[in-house]
Protein chains: 2
Amino acid sequence: MATIQDVAIAAGVSAMTVSNVINDHPNVRKATREKVLDAMARLDYRVNVAARNLRKGRTGTIGLAVPEVNSPYYAQLAAAVIAAAERYSLRVCIEQTGASRENELDALSLSRNRLYDGLILSTVGMGPADVELLKVDHPVVILGERIFGGPVDHVAMPNVDGAQAATQHLIERGCRRIAMVRGPVGEEVDVSSLRFTGYRQALRGAGLPLAPDLVQSMEALTLRAGARSARDMVASGLDFDGVFCVTDTVAIGVLRGLADVGVRVPEQVKVIGFDNVEESEFLIPSLSTIDPDHDMMARRAVDLLAGRIGQTEPGADHEEFISHFSVVIRESTGG
Amino acid sequence: MATIQDVAIAAGVSAMTVSNVINDHPNVRKATREKVLDAMARLDYRVNVAARNLRKGRTGTIGLAVPEVNSPYYAQLAAAVIAAAERYSLRVCIEQTGASRENELDALSLSRNRLYDGLILSTVGMGPADVELLKVDHPVVILGERIFGGPVDHVAMPNVDGAQAATQHLIERGCRRIAMVRGPVGEEVDVSSLRFTGYRQALRGAGLPLAPDLVQSMEALTLRAGARSARDMVASGLDFDGVFCVTDTVAIGVLRGLADVGVRVPEQVKVIGFDNVEESEFLIPSLSTIDPDHDMMARRAVDLLAGRIGQTEPGADHEEFISHFSVVIRESTGG
DNA sequence: TTGTATGCGTTATCAG
DNA sequence: CTGATAACGCATACAA
């Protein structure tokens, strides 16, 4: 494959002139440029990105580490990040971590290895205990709920407020015994625990009791687990008239589970989710949910990262950005 | 940031020995190895991937160019490709082309630039006319329906046969006036036209007429367009008792559109899709569909690519792989 | 406006 | 088992 040298020889100029042509430097005479372009075309020259990266110390690529791409929420987020990165001419490489702490740390070290100019890391496996590991000398933006106040920029969803608004919406629609379907209960802060806090606050605000048997805790936030949860609740004779689901994916499962056992939504039970994934509008019944403004989050994350990539020094203070949300009211809560 | 040289000095050995330790070469004395590992840890050494890539002429990364990640089908495919690539220790960088021919060619040239060791290219914008452009000297696997018999390996879905089976299933369930909801009608071969062929074959095989007014052609294969199509069909007084949707995404929209105008599925109209995206199982009603075995396709594509990456010469003959399919019967066709 | 010299960090080769 | 040397292809700084 042709190198810059080959082109230089073919065009009868120096390698440097070829480089100047490639990079659109102004100080190249038109005639020279033509000669070079012609030689490049003849030899089918392609820049060697690896060499350029080495020389420049930049790759023009940022990493995006998410638990899985095959999930509407992260897929949507990834698309938004790619779109936002385009404005900075940054390529995005998506890394799947499978929600494991180890893989998240791997992603972190890959960007340390200068494979990426920076990293947007969606933390699910890593927790507050890992904050120290984020003290790296290259740009990182954390996207998620697990780590606050770390030594890096942070973009988060309005989990507590959004969950509170969702629950409050159910209350306003007349629900009095509101269940929540959530992920595993653990020591540490995660999406489920934050949204549970919002749920609890809404109940308290309305003077409703927090009944432990109304809180369903599942192993994983999947369609299947959501469906099973719903069937279990009904099968166990639980009395409830509303469900706040920790994510839309879970809510889709819950809708299906309720249908399986003949419970009508929204007549008998009202359901609300969180995320506003694209499909939610087209379900039957369409799903009420919280829209956390993914696009804004993605844009903010990329902006922060791009800003850090420019500067030489670590940069003093780190930003915490929490996006705004809106309640999207659809058929599943009586529309 | 520490280089291999710094480590060498700190450990009192040569750079080469450090390199040998890093790459697990056998001929390093234990004591030496320890010294080096110790120095690496002290200096927090990280390999510079750009330098390694330059030297090796490999990046360990393959590109996956798809129209959009924010679409259940491609998201699922991407996840499967990532999983398959892992077995070869290959990283996957997802490139969004937005279904534009230009962006697809961009992706092609990026891998030519040695950003990637190879490329899996999902062609939607490029067509048979662009076959010549695929004659590149580095590994490419085409994933899609637009280009057959090109100068590269090719993995495709069982479009015609799958569509025929889907339509036939509707016929077996008693449908006699079967509509098809598809993408734009054009000169060239694409997913819609191939699946339309299958649809036509099934009708002919059953001795049913192909009624032009039963074929709905939409601008884009989206949820929204699917919903509108369904509403339009009903509003225009069209008489139909079954719908074959060109993709599951479209089918989800169609189910919603039928619900909007009070048509019951499967009692009045039966619906079947194509792709078997994860959500289809959890819809209300759950969606019958064709499962083209994404995992197999992804694995095959990665296997082919990995095989080409190994070899030095372009390799003579190119493989055409068409995956198998199965009909998944669910509630939308009467379960 | 163009060319020369140099080094980015790594590893293959081969000699010690 | 270890080390010296060179080269991967490009772009910065400076000289002409």
Side-chain angles (χ1 to χ4, degrees), chain A residues 1-37 39-40 43-61 109-117 137-138 312, chain B residues 1-37 39-40 43-61 109-117 137-138 312:
Chain A
M1 177 159 305
T3 75
I4 222 172
Q5 289 291 349
D6 302 332
V7 176
I9 293 166
V13 299
S14 78
M16 210 40 240
T17 301
V18 178
S19 174
N20 284 334
V21 170
I22 293 168
N23 297 291
D24 272 330
H25 279 259
N27 291 344
V28 180
R29 213 175 19 194
K30 206 167 180 182
T32 314
R33 178 188 308 281
E34 310 259 297
K35 261 197 312 193
V36 171
L37 289 174
M40 281 176 29
L43 299 180
D44 192 30
Y45 169 79
R46 310 275 147 192
V47 300
N48 182 319
V49 182
R52 174 181 284 176
N53 289 346
L54 174 58
R55 184 59 238 240
K56 289 214 197 192
R58 291 269 185 83
T59 65
T61 299
S109 86
L110 278 173
S111 59
R112 269 161 126 155
N113 292 353
R114 312 217 197 151
L115 220 193
Y116 308 135
D117 292 343
D137 53 359
H138 64 102
T312 39
Chain B
M1 176 158 306
T3 75
I4 222 173
Q5 290 292 350
D6 302 332
V7 176
I9 293 168
V13 299
S14 79
M16 208 43 237
T17 300
V18 177
S19 175
N20 285 334
V21 170
I22 293 168
N23 296 291
D24 272 330
H25 278 260
N27 293 345
V28 179
R29 211 172 25 191
K30 206 167 181 180
T32 313
R33 180 188 306 281
E34 309 260 297
K35 262 195 313 190
V36 171
L37 288 174
M40 280 176 27
L43 299 180
D44 191 30
Y45 169 79
R46 310 272 148 193
V47 300
N48 182 320
V49 181
R52 173 180 287 176
N53 289 347
L54 174 58
R55 182 61 238 225
K56 290 211 185 189
R58 290 269 184 83
T59 64
T61 299
S109 85
L110 279 172
S111 59
R112 270 161 125 155
N113 292 353
R114 313 222 195 146
L115 219 192
Y116 309 135
D117 291 342
D137 53 0
H138 64 103
T312 39

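Chain letters run A, B, ... following the sequence lines, proteins first, then strands; residues in each count from 1. FYI, side chains are in, hydrogens and waters are out, and symmetry mates aren't considered; it's all heavy atoms of this structure.
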Nucleotide nearest Y45(A) (side chain, heavy atoms from C-beta), chosen from dT1(C), dT10(C), dC10(D) =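 Among dT1(C), dT10(C), dC10(D), the one nearest the side chain of Y45(A) is dC10(D).
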
Can you figure out which of dG3(D), dT10(C), dG3(C) approaches the side chain of S14(B) most closely?
->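 Comparing dG3(D), dT10(C), dG3(C) against the side chain of S14(B), the answer is dG3(D).
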
Any side-chain N or O of [X] less than 4.0 Å from the OP1 or OP2 oxygen of [N]?
X: T3(B); N: dG9(C); result: no
X: T32(B); N: dT2(D); result: yes
X: T17(B); N: dT2(D); result: no

Which is true for N48(A) with a 4.0 Å heavy-atom rule: it touches a base, it touches only sugar-phosphate, or it touches nothing?
->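 Since only primed, P, OP1 and OP2 atoms lie under 4.0 Å of N48(A), the category is sugar-phosphate.
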
Can you tell me if T59(B) uses its side chain to pair, donor with acceptor, with the backbone of L115(B) under 3.5 Å?
-> yes

Distance in angstrom units between [X] [atom1] and [N] [atom2], rounded:
X: N53(A); N: dG7(C); atom1: CG; atom2: P; answer: 21 Å
X: I4(A); N: dG9(D); atom1: CD1; atom2: C1'; answer: 8 Å
X: N20(B); N: dC14(C); atom1: CG; atom2: C1'; answer: 13 Å
X: R46(A); N: dC8(D); atom1: CZ; atom2: P; answer: 21 Å
X: R55(B); N: dA12(C); atom1: CZ; atom2: C1'; answer: 5 Å
X: R52(A); N: dA11(D); atom1: CZ; atom2: P; answer: 5 Å
X: L54(A); N: dA7(D); atom1: CG; atom2: C1'; answer: 12 Å
X: M16(B); N: dA6(D); atom1: CE; atom2: C1'; answer: 12 Å

Side-chain contact, heavy-atom cut-off 4.5 Å: [X] with [Y]?
X: I22(B); Y: Y45(B); answer: yes
X: L37(B); Y: V21(B); answer: yes
X: R114(B); Y: N53(B); answer: no

In Å, rounded to the nearest 0.5 Å, how long is the span from CD1 of I4(B) to CZ of R52(B)?
->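 Here the interatomic distance stands at 8.0 Å.
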
Mapping A15(B) and R114(B) onto DNA chain D by nearest heavy atom, which one lands closer to the 5' end?
->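 Mapping each residue to its closest nucleotide by heavy atoms, the 5'-most match is A15(B).
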
